[in-house]
Amino acid sequence: MAISSVIYNTIFRRNSIFVGTVLAGAFAFEIAFDSTVDKYWDARNIGKQWKDIKYKYVEKDEE
Amino acid sequence: MVNRLSGSPLFKRLASSAAVSKSTRNAVLATVATGGLAAWYVNLYGNPIKAVTLAEHGLHPGEYPWSHKGWLDTFDHQSLRRGFQVYREVCAACHSLNLVAWRTLVGVTHTSDEVRAMAEEAEYDNEPNDEGEIEKRPGKLSDYIPAPYANEQAARAANSGALPPDLSLIVKARHGACDYIFSLLTGYPDDPPAGATVASGLNYNPYFPGGGIAMGRVLFDGLVEYEDGTPATTSQMAKDVTTFLNWAAEPEHDVRKKTGLKVLIITGSLWALSLWVKRFKWTPVKTRRIVYKPPKL
Amino acid sequence: MASRAIIRSTQSQLAASVKCSAVAKPLGSAAVFDQKRYASNFYTTDNTYKVPDFSHYLKKGKGDDTSRVYSYFMIGSLGLLSAAGAKATVQDFLSNMSASADVLALAKVEVDLSSIPEGKNVIIKWRGKPVFIRHRTSHEIAEANAVNVASLRDPQNDADRVKKPEWLIMLGVCTHLGCVPIGESGEFGGWFCPCHGSHYDISGRIRKGPAPLNLEIPEYEFSAEDKLTIG
């Protein structure tokens, strides 16, 4: 009860704040979503991507 | 029979113009005409002549578990690197890779310095100098991988009339894609089977449509020496070079699949949310009841 | 069976009310049949004017904010995802307009500076234009710094025109009408444009003649000790 009322009064009561929260959230969500999917992607394809094998060849150049 | 048919209510209604409206009759006639036209069209064009024998069509390749086969699987870049080595040491003797620039290998199979070194081994036409003559210069990252022959005629002349196809898009350009390329490379039998006729200058390969292919078997165990120590068996080389050619045809492959995953998650969520919002908006509309109270007279 | 029955009923030219009665019969309302009126499955003898009790269907906890917070959250989420998707779509379309990778690869030129001795000019081509590279001597650098900047037509310090004082890199296009100036000539020891007689000094600044501006400096960087990347 209390928590929902606080949320309602801070975010949803004024439409301008509601829309602003949605738009700001869209940017934050995009960053979080991209990094989450990237993390999952790298974990799923571990050892196959260039960044996983790059170290073998970059070190060789420095020697 | 006729009596029963003519006695049927449908016939009666169609027969008597009074019982059936003009629009109904037109609709029935239009349906009959459309159906007839469609049947006539299918009869005329619906059955194209097809290659009849398996040999003419080429043996269908088996299905192989490619490391990049799944919806969410990237290329195995170590395999791409080996595959490029196979292309460079074996295929490049006859086949060009015209649509692949050196720069595209950077960050995919090789480091920038490695690609630079390889590009510099090749010579390219420079811009005209002050005398208008064209000199040679070492390759740069922006150059494309050089072709073995200057033009199609030179390629045909060197291969007794057969043109080695450009391999840039070969995986996309053949039915069966990776499976077909792999099967073709590993599918040369020692001797053609009994009854198979192969024209002179051609080699027998059951996966090639028609069975006679100008390219001979090129991959043999131990032909190249992999720098990462992988045993260079025929099938290993065929797998690596096929994976590499798949990359050449679809360099956007890894990004495409990752983007696809993101798009599916987002559109799936949007779909579920829009269903919920639809219900939310329609619930009061669908569950309301309209009550009429007659005025008291 | 059923279709036969309908055919027979049609043949006997019964009125439509009879067909309807067949439908209505299961409801067992003989009175309807007798009145020969259209019957409906929804026919009821209950009092229509009494509103049923819908309280069973009402949302629980309607009074507090939980349910509307939930509704607003769902609608807000729909808006949030749509906004993120729209942003990504617009971004993708806009990024289509920027230069493609093959154009970008050609837009940079690398120069090996170790082959250029001190006091020599080299002209290379970059994006179809000549670029002057001058390995300046310490004497020339001192000369370029000695000039009173305030007296110039296009006042610019020599230090602002170079990243390393010994390397002067400029676009070899006269700012007057676009001729290519000649190196190591002119009254100020720099460049001279033969078309209309503009004189540039050893820093590529306009000193005399019709040109309004100093020779332009392209974007460049020293990618290694003696490797220059223009673009």
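Convention: sequence-line order gives letters A, B, ...; per-chain numbering from 1. Values reported hereafter were calculated over all heavy atoms of this structure, with side chains retained and with hydrogens, waters and symmetry mates removed.
Within 6.0 Å of OH in B/Tyr149 there are more than 12 heavy atoms belonging to other residues, nucleotides or ligands. Environment of NZ in C/Lys164: crowded, with over 12 heavy atoms of neighbouring residues, nucleotides or ligands closer than 6.0 Å. For C/Lys227, the NZ atom counts as loosely surrounded, since its 6.0 Å shell holds 12 or fewer non-hydrogen atoms of other residues, nucleotides or ligands. Environment of CD in C/Glu216: sparse, with no more than 12 heavy atoms of neighbouring residues, nucleotides or ligands closer than 6.0 Å. A 6.0 Å sphere centred on CD of C/Glu219 holds no more than 12 heavy atoms belonging to other residues, nucleotides or ligands.
Annotation: the span from B/Leu273 atom CG to C/Leu80 atom CG amounts to 10.0 Å, rounded to 0.5 Å. Atom CD1 of C/Ile75 sits about 12.0 Å away from atom OG of B/Ser274, to the nearest 0.5 Å.
Contact of C/Ala101 with chain B is made through backbone and side chain together, with heavy-atom distances under 4.5 Å. Contacts between B/Leu270 and chain C at a heavy-atom distance below 4.5 Å involve backbone atoms as well as side-chain atoms.
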With side chain to side chain contact (heavy atoms under 4.5 Å, CB included) as the test, would you mind laying out the steps for C/Ser77 and B/Trp276 before giving the verdict? CA-CA 11 Å; C/Ser77 303; B/Trp276 185 90; over 6 Å; no
